[in-house]
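Read through the structure below, which is laid out as structure tokens, and then see the notes.
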Amino acid sequence: MISPRTGRHERAHRGARVAVVFALAFGLVAAPHLSSPTAAVASADDTDDAADDSTIQLSLRAGVHGVVQPGAPVTVVASVQNDTDETLTAGRVTVELNRTPLSSSEALTAWLDSGEAAGSFTPLGTDDSLPVPESENITVPVSAPASAVGDLTAGVYPLRGSLSATGLSSDATASSVLIVNADASRQITVLVPITATPKDGALLTSDELTALTAPDGALTAQLDGVAGTSAVLAIDPLIPAAIRVLGTAAPTSALTWLTRLESLANERFALQPGDADATVQARAELPTLLQPLTLDSYLDPANFAPTSSTAAPTPSASASPSPSPTPSEPELPTDEELTAIAGATGGILWPLGDVQTADLSTFDTYLAADATTVLPSTSLAATASALIDVDGHRVMAADAAASASFSDAAATLDDASRENEITAGIAQLTYAAGTSLLVGLDRDETRTADSLRETILSTSVVAQPTTMQDLRTESPALSTIVGEAGDHRATALSGLLSDESRLTEFASILDDPDVLLSPERLSILRLIGVGTASNFPAAVTSHRMATVATLNAVGVQQPSPIQLFTSAAPLPVWVRNDLPWPVNVILDSRPSDARLDVRPRTEVTAQPASNTRVKVPVEARVGSGELDVHFALTSPTGVHIGEDQTASVTVRAEWESIGLIILGGVIAILLVLGVIRTVVRRRKARESDAAAETPVAP
């Protein structure tokens, strides 16, 4: 990202200026600007309830992206957009030129912001405009011969126009520039970052890749926009890694995209994984640049077919049949193979611009070589060339003002608004010193192919495209770093790495700790990414809250009070696991006194996203009493897991003896009753038999 933005991109009226332009024929608009509120049909003093968008909008374009050659005639195309609900009557367009060139980039910004410029304006030409139906636009070409333009030297000249017509309370006006370019020897290099951020902050999923690499996907648009241009690509290596880890399960569109990327003729270099900012790592005093942990946890062996097999020899006529070939194990790609960028130039870093000379020395240490660092021109005291030597360190300086304008152009869908930004960017380049120019586009994952392509190609209007390799081999100009470096991100990174250490200990409860740790490292890399710097504080806060939630995802459920009515029985304990993987923990149980004998350690495998019931054997050493049992979880390596819990246990072990006595008594009574019943039944049976045998008297 080329930052900070210049004042032109911080101006309060930028939204109004963009709102008053419209799509023009050939897409060549030269930064129109409403110089005052009187450019609207309804002024602030009107009593009519005119809507804000019911305006007459005027814009200008001259030459090609505002560029003309010295001594050549000029045609200025004025465009009139009628956003009212009535037809605009025929009028007259007048174009004026200020022959005093804008002296600096700051003067250019002031002119585009407020319409203020030194010198006077003289008429360049006029022409009549036809009626404009409601919600339509027309173009009015105003031509001026070379004699009317005058002998202008190379530079940027204020240009303004006005439209007068019946029914307008005041003239509609627009401001632009005329760029006279006489230097055809300069060369320019354009850097285009190719990045894509997954929703979960780790690695792009199959569904995300499918959407991004579809015909209308954002990654497809990136390649469509740079194909056939001279743009130098800065690629996040985690994009090809996300495709390669899927093996044969990768979406067809993603595989096609990767093949196309590798076949492009564009120069390229690799950004840090996740576009991580090297500056924040240097400021955090890391000994080496952060790298992803192993990506093995993302690999499914089933998606990687065996690369070889044991071939059977050709059987002879007399030989017995050979056994069938034995399939070999799938050969999984290494991390280096997953993240490789084919044809990438090494030794280049593109951090944020808040660097110091000491950081450049650290960059050399990180790369174990002389690093080339891409910085915005605002980070340097002077930029007499695009290649700078800072105390022996090589820096490629991208023009900050021009890069900001071209970045906005590449991100703009409206043709007229995009042309405004392109013209402003070209005008800014005219103030750059030296014969070599460098433009670095912002990180932007939503650019359209047409906007990106037009922006890249437009830079050739003022300079010949050149390679990054040629730029790096030029003789550098000398300069120094300016500005103060902030360290708040470095402090936050130290906190993130501290959290990662805690997660590393916590992950010892998993069969494969990398399923947790690898995404965590990728998320940290993306958090310190160049493109996410503007949202850094909020993102860090959210991430650290998620880390705390993960560390608390496994623990002992708060047990209910327990009544123990026997001298030996299991205590029920529930282990909570909110993680999507099974965990291996050890349940430590400790009674508050020796009246209860509890198994001290119980190994538990808690199932994912569930509560697992654990029975802890206990034995009461006294008849009754109340005490507490303290439960804690540790990992197999002894790391404390989750919050400890305490169960209140009431022991009534004497009730077991009482119960046995009562039960014995009941059984004895039942036995006695059974015997009595049997005796009675037998006695009755004998009496019945005796009565039956007694003869009846005659």
Side-chain angles (χ1 to χ4, degrees), residues 1-6 8-9 105 186-195 226 229-235 266-269 271 275 277-279 345 347-355 359-360 363 371-390 393-411 421-422 424-444 447 452 455-456 458-460 462-472 474 476-477 479-483 530-531 533:
M1 177 182 295
I2 301 302
S3 62
R5 296 279 191 181
T6 63
R8 173 177 171 273
H9 292 274
S105 174
R186 299 208 294 178
Q187 297 179 321
I188 189 167
T189 303
V190 180
L191 305 182
V192 179
I194 305 294
T195 60
V226 301
T229 72
S230 60
V232 178
L233 310 183
I235 305 169
N266 301 70
E267 280 185 288
R268 66 202 64 191
F269 64 92
L271 297 169
D275 193 22
D277 184 10
T279 303
T345 300
I348 301 176
L349 293 175
W350 191 359
L352 282 174
D354 56 342
V355 301
D359 299 326
L360 299 179
F363 295 165
T372 298
T373 306
V374 180
L375 294 178
S377 58
T378 49
S379 297
L380 302 163
T383 52
S385 171
L387 188 66
I388 303 294
D389 182 290
V390 178
H393 305 290
R394 186 166 49 188
V395 171
M396 290 196 299
D399 188 280
S403 296
S405 292
F406 286 121
S407 295
D408 284 348
E421 301 297 347
I422 288 175
I426 292 174
Q428 291 288 359
L429 287 177
T430 63
Y431 299 104
T435 59
S436 297
L437 305 172
L438 180 66
V439 168
L441 300 187
D442 289 349
R443 274 68 165 177
D444 188 343
R447 290 184 289 243
L452 180 58
T455 300
I456 296 171
S458 69
T459 61
S460 63
V462 290
Q464 295 297 318
T466 189
T467 65
M468 180 179 61
Q469 183 61 32
D470 289 342
L471 175 60
R472 295 177 73 193
E474 290 185 357
S479 190
T480 57
I481 297 291
V482 296
V530 174

Which heavy atom in [X] sits nearest to a heavy atom in [Y], and how many Å separate them?
{"X": "Val355", "Y": "Thr279", "value": "CG1-OG1, 3.2 Å"}
{"X": "Leu437", "Y": "Ala463", "value": "CD1-CB, 4.1 Å"}
{"X": "Ala397", "Y": "Leu438", "value": "O-CB, 3.5 Å"}
{"X": "Trp350", "Y": "Leu441", "value": "CH2-O, 3.5 Å"}
{"X": "Thr229", "Y": "Val226", "value": "OG1-O, 2.7 Å"}
{"X": "Ala400", "Y": "Ser377", "value": "N-OG, 2.9 Å"}

Distance check, rounded to the nearest 0.5 Å: [X] atom [atom1] versus [Y] atom [atom2]?
{"X": "Leu471", "Y": "Gln469", "atom1": "CG", "atom2": "CD", "result": "9.5 Å"}
{"X": "Arg443", "Y": "Ile194", "atom1": "CZ", "atom2": "CD1", "result": "11.0 Å"}
{"X": "Ser405", "Y": "Ile422", "atom1": "OG", "atom2": "CD1", "result": "10.0 Å"}
{"X": "His393", "Y": "Leu360", "atom1": "NE2", "atom2": "CG", "result": "5.5 Å"}
{"X": "Leu349", "Y": "Phe269", "atom1": "CG", "atom2": "CZ", "result": "9.0 Å"}
{"X": "Tyr431", "Y": "Asp399", "atom1": "OH", "atom2": "CG", "result": "11.5 Å"}

Inset, instruction - Please assess Arg472 against Ile348 for the test side-chain contact (heavy atoms from CB on, under 4.5 Å), listing each intermediate value before the final yes or no. - result: CA-CA 10 Å; Arg472 295 177 73 193; Ile348 301 176; 3.8 Å; yes
Using only atom types and a distance under 3.5 Å, with no angle test, would you say the side chain of [X] pairs donor to acceptor with the backbone of [Y]?
{"X": "Ser479", "Y": "Ala382", "value": "yes"}
{"X": "Glu267", "Y": "Met468", "value": "yes"}
{"X": "Thr480", "Y": "Ala381", "value": "no"}
{"X": "Ser385", "Y": "Pro476", "value": "no"}

Inset, instruction - Let me see the working for Met396 and Leu387 under side-chain contact (heavy atoms from CB on, under 4.5 Å), right down to the final yes or no. - result: CA-CA 5 Å; Met396 290 196 299; Leu387 188 66; 4.0 Å; yes
Taking the side chain as every heavy atom from C-beta outward, state whether [X] and [Y] have any atom pair closer than 4.5 Å.
{"X": "Ile456", "Y": "Phe406", "answer": "no"}
{"X": "Val390", "Y": "Leu375", "answer": "no"}
{"X": "Asp442", "Y": "Pro193", "answer": "no"}
{"X": "Ile481", "Y": "Leu380", "answer": "yes"}
{"X": "Leu429", "Y": "Val439", "answer": "yes"}

Inset, instruction - Go through the steps to decide whether Thr189 and Leu191 satisfy the test side-chain contact (heavy atoms from CB on, under 4.5 Å), and finish with yes or no. - result: CA-CA 7 Å; Thr189 303; Leu191 305 182; 4.2 Å; yes
Legend entry - For Leu271, the option from Ile235, Asp277, Thr195, Leu233 that meets side chain to side chain contact (heavy atoms under 4.5 Å, CB included):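 Among Ile235, Asp277, Thr195, Leu233, the one that satisfies the side chain to side chain contact (heavy atoms under 4.5 Å, CB included) with Leu271 is Thr195.
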Legend entry - For Ser436, the option from Arg186, Gln187, Glu474 that meets side chain to side chain donor-acceptor pair (under 3.5 Å): Glu474
Inset, instruction - Assess whether side-chain contact (heavy atoms from CB on, under 4.5 Å) is satisfied between Arg447 and Val192, documenting all intermediate values. - result: CA-CA 11 Å; Arg447 290 184 289 243; Val192 179; 3.7 Å; yes
